[in-house]
*Asks:* 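Questions regarding the structure given below will be posed in turn.
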Amino acid sequence: MHDQAAKLRESVQHMPIGRTIAVASGKGGVGKSNFALNFSLALSKLGKSVLLIDLDLGMGNIEILLGSSAKHSFVEMIQNRLKLEQIVEAGPDGLDFIAAGAAMNELFHMDGPGFTHFQKEFERAQQVYDFVFLDMGAGLTEESASFILAADESIVVTTTEPTSMMDAYALIKHIKQRNADLPMYLLVNRAIDKREGQDTAARMKEVIRTFLHTEIMLLGILPEDKQVPKSVKMQEPFINQKDSKAGTSIKQLAATYLKPAAETTAKERTSFIGRLRDIWTGGTRNGKDPRFSR
Ligand SMILES: Nc1ncnc2c1ncn2[C@@H]1O[C@H](COP(=O)(O)OP(=O)(O)OP(=O)(O)O)[C@@H](O)[C@H]1O
Ligand SMILES: [Mg+2]
């Protein structure tokens, strides 16, 4: 049994250390899963303990990108009340991941005992991992919105195409209207050159500032890179390809990302499950955000 799974088994009883980060997008196919996987790996290579959960239930593909087949899945954890250490798979470079599983809309039925089980298991994950990444499906369902809103922060991925930018804006608008304080990062993917990436980021920031009266932070810009589709076909993360421009960029992003993350207090890190509970039960976050009730 690998390190983190062994620690999960020991049921450690200390303060949560993990940050939960949702990777989301408006338009589909913009590179979320490739980013989530390779960024998780980059952080893992930098010595962080990272868990990547594929929450694109029914259509997940993290295990395909890794060229491995998971024995269990997130859906099974909920359906069969499995423990986290039973479903966590050991990926490369110390990265742990959880495959999505087959059922559609399983989260919708995850109230009552299923949710209590998830809550208990997730709290243990936060005690063991520095970072828990959630690879979301494209667009916004009530379930994915609830995960994005409950996370400590979210990374919204867009390409430089106007269609992708429009849909990213729509997603950011929806989330910011429900919680203006949620830290959101923008990741511009598939930029032809630095200039195009910077233009996209500047336009997104400007529109968000003008119409939503809020700021979004730029996490970074990843270049268009032929190695990415090649790596997908080889089922090997592009970060491990020597001549991958996107791989080089993502390593730099990961190093920069660690600084602000390290400054967050433990208190801020405790409440993913509490916030998720509020959202699912129609409660409020910070006493001011109306949530949907079920
Ligand atoms: N930087 C890049 N350069 C070139 N191609 C890329 C880049 N990033 C992603 N792609 C390609 O875009 C496609 C979609 O990537 P990916 O599956 O990661 O997107 P996604 O947003 O997770 O999709 P979905 O919305 O279906 O979950 C893949 O075929 C991948 O090869
Ligand atoms: Mg995906």
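Whatever order the structure lists them in is the order used to number ligands and atoms, beginning at 1. Scope of the values below: all heavy atoms of this structure, side chains included, with no hydrogens, waters or symmetry mates. As the structure is a prediction and not an experimental result, all values here were calculated from the model.
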*Asks:* Is any side-chain N of the basic residue among Glu85 and Arg124 closer than 4.0 Å to the acidic one's carboxylate O?
*Replies:* yes
*Asks:* List by chain and number: which residues place a heavy atom under 4.0 Å from ligand 1?
*Replies:* Gly28, Gly29, Val30, Gly31, Lys32, Ser33, Asn34, Asp56, Ala138, Asn189, Arg190, Pro223, Glu224, Asp225, Val228, Pro229, Val232
*Asks:* May I ask you to decide if the ring planes of Phe131 and Tyr257 are parallel, tilted or perpendicular, using 30° and 60° as cut-offs?
*Replies:* tilted
*Asks:* For a quick check under 3.5 Å, do Ser49 and Asp130 share a side-chain donor-acceptor pair by atom type?
*Replies:* yes
*Asks:* Taking 4.0 angstrom as the limit, do Lys45 and Asp93 come out as a salt bridge?
*Replies:* yes
*Asks:* Side-chain atoms of residues 67-75: list all donor-acceptor pairs with protein atoms under 3.5 Å, sequence neighbours left out, distances to 0.1 Å.
*Replies:*
from, atom 1, to, atom 2, distance (Å)
His72, ND1, Glu76, OE1, 2.9
Ser73, OG, Glu76, N, 3.2

*Asks:* Is it true that Arg209 and Glu206 have a side-chain N and a carboxylate O under 4.0 angstrom from each other?
*Replies:* yes
*Asks:* If you look only at pairs with a residue in residues 187-212, which of them pass as a ring-ring contact (aromatic ring centres under 6.0 Å, His included), with sequence neighbours excluded?
*Replies:* none
*Asks:* Using the six-membered ring wherever Trp is involved, compare the ring planes of Phe118 and Phe122 and label them parallel, tilted or perpendicular (cut-offs 30° and 60°).
*Replies:* tilted
*Asks:* May I ask you to list the protein N, O or S atoms found at less than 2.8 Å from the Mg ion (ligand 2)?
*Replies:* Ser33 OG
*Asks:* For Met166, is the CE atom crowded, meaning more than 12 foreign heavy atoms sit under 6.0 Å from it?
*Replies:* no
